[in-house]
Structures are given as C-alpha cells and as structure tokens.
Amino acid sequence: MAFSVEQMRSALSDGLLSFPVTDFDAAGKFNAETYKERLESFIKHGVSSIFIAGGTGEFFSLDEADFREIVEVSVATVKGRVPVIAAAGRSVKDASNFAKIAADAGCDGILLMPPFLTECPEDGVVDYASQVMQSADIQFIYYNRGNGILSAESVKALAAANPNMVALKDGVGNIAALNDTIKTVGDRLVYIGGVPTAEIFAEAYLSIGVNTYSSAVFNFMPEMANKFYKALRAGDQTVVTTIIKDFFIPFCRLRDRKKGYAVSLIKAGATLMGQTAGDVRAPLTMPTPGEVAELDAIIKKNI
C-alpha cells in the first residue's frame, strides 16, 4: 500500500474516479498489454483513483487467477501514482480471499461488493461486511447497492465496528436515503457517487455534499468526462446542462434498453475510439451493430 488513510480519504473525496474495463482478447482471456495501456491513459488524463476489477471491470465474471493477474499488473503499472482499489465480493470466504490477494499485491483499498444472494437482511449484510473487513489489513469502501443496501443506522454500525472502513459508495441513487446516511454518519466516512452513469446524478449528489463519483465513460471519453466534472465543481451550469442533454441523456436511454449495457456500451465505446478491450463475458452481451452505430453518433456529437 502506497497511500495513508488520510491520503486515501483525500483522493476519494475530490477529483474524478473511474473504473477501467477489464481487457479481454479474442479468446476471452485477460489481455494484460492493452490493459496496461488503459491504465496509463487513465493516469495521463488525471484520474484521482483507479478502481480495478469492479462492476465495469466485470468482477463477477473473473476467477481467482484472472483477479490475481489484474491486481498484480495494476499495481506494477500504476506504481503508486494514484490509489489502486480492487473489488471483492461473493461469499465471506471468497471476498476475504480476494481482499487478501489484493492487499498482498500492494493495492491501497478494497471496494466491497454486495453478496450475490437474492435477498439479505440488513443485520446479515452488516455481519457479512464486517467479517470481510476484519479479514485483511487494508482500507475498505462499502458499495451500497443491489441486495446489500444498508440504511443510515446500519452504515453507522458497520463503520463503528470496522475502523478500516474509509468510505461508502452509493449505487442506489436514492438521494433522500443517502442524505440521511451522510447526516447520520457524518465525516467518519467519505461518500462517493456510484450509480451506473453517475454523471446523470452528479448535480443531485453535489447538492448533499458528495463531491465525486466514478465515471465509466472516462474509459472512452476522458476529455469530456473531465470537462463535465470541472464544470460541475465550478458551478458552470451551461456546460453541465449541454453535456447532459447532448451526451448523457441519449447515452442513458441507449443503456437502458438492455440489462448489462452499462458495461457493454463502455466496451463498445472503447472499441469505437480505437482502444478495444474485447467483448464482455457471459452473462452480459454486446450491443447490436445498430446500437453501436447509435453510440457512435452520440460520441461524434460530443468530441
């Protein structure tokens, strides 16, 4: 780990965060060479933290060997220039194992994904997260999403029981509930916007004190993503509104046509911009040629 807790908090609370897609070759295997290039591009364009093998990185399709190689390549490539945060999840045993692999590789933090059960009681989720957080000597960010959604009081209890919990990432988009959590838990945690295509929620996030979010489109339009974030923080409503109308609204309409397109369209966009990462793994599917053409038109209007 190259970063202290305070340095991690600073990197997570100000600046644009992003998740690189996981590069696969034509045979569906991890492509380390193009992935290294992607990481270098992220750093070149000023990302403040890199979240690897996460939702956009298709964490749930990765086996242990994939994950180990991804975290080792990431740490070796980034070389301490920005924090590297890896995902962990699935069962307590699996999540603890992923967290240990990431910590041993030199990652700076873990994004704890929700468990993959269909239904979970909140106290069970708190116990799940606590067991994982206490299994590794590394900082954790809890991802409040899916079947792992916690109320304000549960987040407060989880943070109190786990000193190495540094942040909460919101994957729900319920601004009232998130505001409740922020006001209840206070500055014990850093709060990160994390709904799919988070820019569409960015104005609402900022209004309750969530200064940053993870940008998936940074994978293929980093200049636009940075322009939008800087305009948002500067209060330049004209630029923010224009980019939302011209890019994010049509992009989100295309994304919402099929489950999983929040990832698939990012890979399609990377290919259109000459930085192919291969196709997604099952159960996700790639967009149709017609949908790729629509995405191409949206991109060309905004570059």
Side-chain angles (χ1 to χ4, degrees), residues 3 7-21 38-52 54-57 78 81-85 108-109 111 141 143 145 166-173 175 178-179 182 189-252 254-255 262-263 265-266 269-270 273 275 295 298-303:
F3 292 85
Q7 287 173 324
M8 280 276 290
R9 287 179 63 93
S10 177
L12 293 171
S13 60
D14 188 31
L16 195 56
L17 319 174
S18 191
F19 287 70
V21 290
R38 194 170 310 283
L39 295 178
E40 289 292 352
S41 175
F42 271 43
I43 293 170
K44 175 185 175 182
H45 286 97
V47 73
S48 70
S49 297
I50 296 178
F51 286 71
I52 59 172
T56 304
V78 175
R81 288 174 285 178
V82 297
V84 174
I85 298 155
D108 301 287
L111 176 67
I141 300 162
Y143 199 178
R145 183 175 179 177
V166 68
L168 178 80
K169 184 179 180 187
D170 171 62
V172 182
I175 299 300
L178 181 58
N179 199 23
I182 293 171
L189 300 175
V190 173
Y191 302 93
I192 302 167
V195 294
T197 322
E199 284 90 348
I200 206 74
F201 277 84
E203 294 162 292
Y205 277 140
L206 190 62
S207 72
I208 60 170
V210 180
N211 295 328
T212 192
Y213 52 85
S214 57
S215 174
V217 300
F218 193 93
N219 276 273
F220 63 94
M221 295 192 73
E223 292 90 354
M224 186 202 71
N226 275 326
K227 180 180 180 181
F228 178 85
Y229 181 71
K230 290 175 182 177
L232 176 77
R233 295 301 304 274
D236 190 338
Q237 194 60 47
T238 299
V239 172
V240 167
T241 299
T242 297
I243 295 176
I244 288 176
K245 287 175 62 178
D246 290 349
F247 183 86
F248 286 108
I249 287 176
F251 180 85
C252 287
L254 184 57
R255 178 204 68 189
V263 177
L265 287 174
I266 302 303
M273 296 300 286
Q275 296 176 320
L295 177 60
I298 295 169
I299 291 172
K300 286 177 177 174
K301 186 176 180 180
N302 289 276
I303 56 175

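Using a 4.5 Å heavy-atom threshold, the side chains of Gln7 and Ser10 count as separate. Side chains of Arg233 and Asp14 form a contact here, defined as non-hydrogen atoms less than 4.5 Å apart. Residues Glu199 and Cys252 form no side-chain contact, since every pair of their non-hydrogen atoms from C-beta on lies 4.5 Å or further apart. Side-chain contact between Phe51 and Val84: absent, with no pair of heavy atoms (C-beta onward) separated by less than 4.5 Å. No side-chain heavy atom of Asn211 sits under 4.5 Å from any side-chain heavy atom of Ser13.
To the nearest 0.5 Å, the span separating CG on Asp170 from CG on Leu178 amounts to 4.5 Å. Atoms CD1 and CG, from Ile85 and Leu111 in turn, are 8.0 Å apart once rounded to the nearest 0.5 Å. Going from atom CG of Leu39 over to atom NZ of Lys44 covers 14.5 Å, rounded to the nearest 0.5 Å. Here Asp236 contributes atom CG and Thr241 contributes atom OG1; the two are 9.0 Å apart, rounded to the nearest 0.5 Å. Distance check: Ser48 OG to Tyr229 OH gives 7.0 Å after rounding to the nearest 0.5 Å. Distance CZ/Phe247 to OG1/Thr242: 14.5 Å, rounded to 0.5 Å.
Judged purely by atom type and a 3.5 angstrom limit, Thr212 uses its side chain to pair as donor or acceptor with the backbone of Gly15. With hydrogens and angles disregarded, no donor-acceptor distance shorter than 3.5 Å links the side chain of Asp108 to the backbone of Met8.
Between Phe228 and Phe248, the ring centre distance stays below 6.0 Å.
Using a 30° and 60° split on the angle between ring planes, Phe251 and Phe220 fall in the tilted class, from 30° to 60°.
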Chi angles and distances behind the side chain to side chain contact (heavy atoms under 4.5 Å, CB included) call for Glu203, Gln237
CA-CA 10 Å; Glu203 294 162 292; Gln237 194 60 47; 2.7 Å; yes
